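Worksheet: the structure to be examined is printed underneath.
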Amino acid sequence: TPELPKAGFTSQVEVMNGEPWIVMVNNDTTVWAAHNQEGWPAASWWQLWEGVEFEFNDQWYTVTEYVFAEPTDVHLIYNTEPDIILITCRGYDPVTNTWAQRLVIYADLSK
């Protein structure tokens, strides 16, 4: 079953620097994922409620939708209406080494 990118931090052995990465570009919409680790950019994405303006890659965006998604909700990243889509994970279970949800944020360039 296809899943949204796993973008949660799971162990110290993962090699990463905390920077978001491009998952795909779909028409004019760029999909970004990032690990949800304290002190890294995605750690604050849970605060990007609808209507919040934020800076990302030297541009200002306004959140248009904030979605808690199941990992299998892959259709969410194929939306071509927002300018960017941000994805990270929530609800880590160390016993199963899985993430319960994905946080998917749609945003448009601020006017």
Side-chain angles (χ1 to χ4, degrees):
T1 303
E3 287 192 354
L4 290 169
K6 290 179 177 69
F9 184 78
T10 58
S11 74
Q12 293 295 332
V13 297
E14 291 182 33
V15 178
M16 64 188 104
N17 64 5
E19 293 301 316
W21 66 91
I22 293 177
V23 174
M24 64 185 262
V25 177
N26 190 8
N27 291 332
D28 293 329
T29 301
T30 304
V31 180
W32 293 82
H35 293 287
N36 185 359
Q37 173 71 8
E38 186 176 337
W40 288 356
S44 63
W45 288 0
W46 67 272
Q47 300 170 338
L48 299 178
W49 303 103
E50 288 182 29
V52 169
E53 189 176 39
F54 66 98
E55 186 177 11
F56 184 80
N57 284 350
D58 299 323
Q59 296 198 51
W60 285 90
Y61 293 89
T62 302
V63 176
T64 58
E65 195 168 349
Y66 183 98
V67 180
F68 288 124
E70 295 298 318
T72 55
D73 290 341
V74 177
H75 69 279
L76 293 171
I77 64 173
Y78 292 100
N79 186 334
T80 58
E81 291 179 19
D83 292 321
I84 62 169
I85 299 172
L86 305 177
I87 302 170
T88 194
C89 295
R90 291 177 39 103
Y92 179 65
D93 182 344
V95 174
T96 62
N97 192 32
T98 59
W99 292 87
Q101 297 175 316
R102 304 296 189 266
L103 172 57
V104 180
I105 296 169
Y106 296 162
D108 289 330
L109 283 167
S110 296
K111 297 178 181 178

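Keep in mind the model is a prediction, meaning the values are calculated, not measured.
Across all non-hydrogen atoms, the minimal contact from Ala33 to Val23 is CB-CG2, 3.6 Å. The two atoms that bring Ala42 and His35 nearest to each other are CB-O, 3.3 Å, heavy atoms only. Residue Thr64 comes nearest to Asp108 through the heavy atom pair CG2-OD2, 3.4 Å, listed as atom of the first residue, atom of the second, then distance. In terms of heavy-atom proximity, Leu109 sits nearest to Asp83 at N-OD2, 2.6 Å. Thr29 approaches Pro82 most closely through the heavy-atom pair OG1-O, 2.5 Å. Across Trp45 and Pro20, no two heavy atoms sit closer than the pair CZ2-CG, 4.1 Å.
Phe54 contributes atom CZ, which lies 10.5 Å from atom CD of Gln59 (distance to the nearest 0.5 angstrom). Atom-to-atom distance recorded for Thr72:OG1 and Arg102:CZ is 9.0 Å, nearest 0.5 angstrom. Of the inter-residue distances, the one linking Asn27 atom CG with Asn79 atom CG reads 10.5 Å to the nearest 0.5 angstrom.
For the pair Val31/Ile87, a side-chain contact is recorded, criterion being any heavy-atom separation below 4.5 Å from C-beta on.
Checked by atom type and distance alone, the side chain of Asn36 pairs as donor or acceptor with a backbone atom of Cys89 at under 3.5 Å. A donor-acceptor pair under 3.5 Å is absent between the side-chain atoms of Tyr66 and the main chain of Gly51, judged by distance alone.
Note on ring orientation: taking the six-membered ring where Trp is involved, the planes of Phe56 and Tyr61 are perpendicular (angle over 60°, cut-offs 30° and 60°).
Atom CD of Glu53 sits in a crowded spot, with more than 12 heavy atoms from other residues, nucleotides or ligands closer than 6.0 Å. Annotation: Asp28, atom CG; neighbour count of heavy atoms from other residues, nucleotides and ligands within 6.0 Å does not exceed 12.
Met24 and Leu86 are members of different hydrophobic clusters when ILVMFWY side chains are connected at heavy-atom separations under 4.5 Å. Ile77 and Val25 fall into different hydrophobic clusters, defined by Ile, Leu, Val, Met, Phe, Trp and Tyr side-chain heavy atoms under 4.5 Å apart, directly or through other members. Grouping the Ile, Leu, Val, Met, Phe, Trp and Tyr side chains by contacts below 4.5 angstrom, directly or via other members, places Leu48 with Leu103. Hydrophobic cluster membership differs between Trp21 and Ile84, with clusters built from Ile, Leu, Val, Met, Phe, Trp and Tyr side chains linked at under 4.5 angstrom. Linking Ile, Leu, Val, Met, Phe, Trp and Tyr residues whenever their side-chain heavy atoms come within less than 4.5 Å leaves Trp40 and Trp46 in two separate clusters.
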request  = List the steps and the verdict of side-chain contact (heavy atoms from CB on, under 4.5 Å) for Ile22 and Trp32.
outcome  = CA-CA 5 Å; Ile22 293 177; Trp32 293 82; 3.5 Å; yes

Verdict with reasoning, Tyr78 to Asn26, per side-chain contact (heavy atoms from CB on, under 4.5 Å) = CA-CA 7 Å; Tyr78 292 100; Asn26 190 8; 3.9 Å; yes

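In the model, Ser110 has a side-chain atom that pairs as donor or acceptor with a side-chain atom of Thr62 under 3.5 Å.
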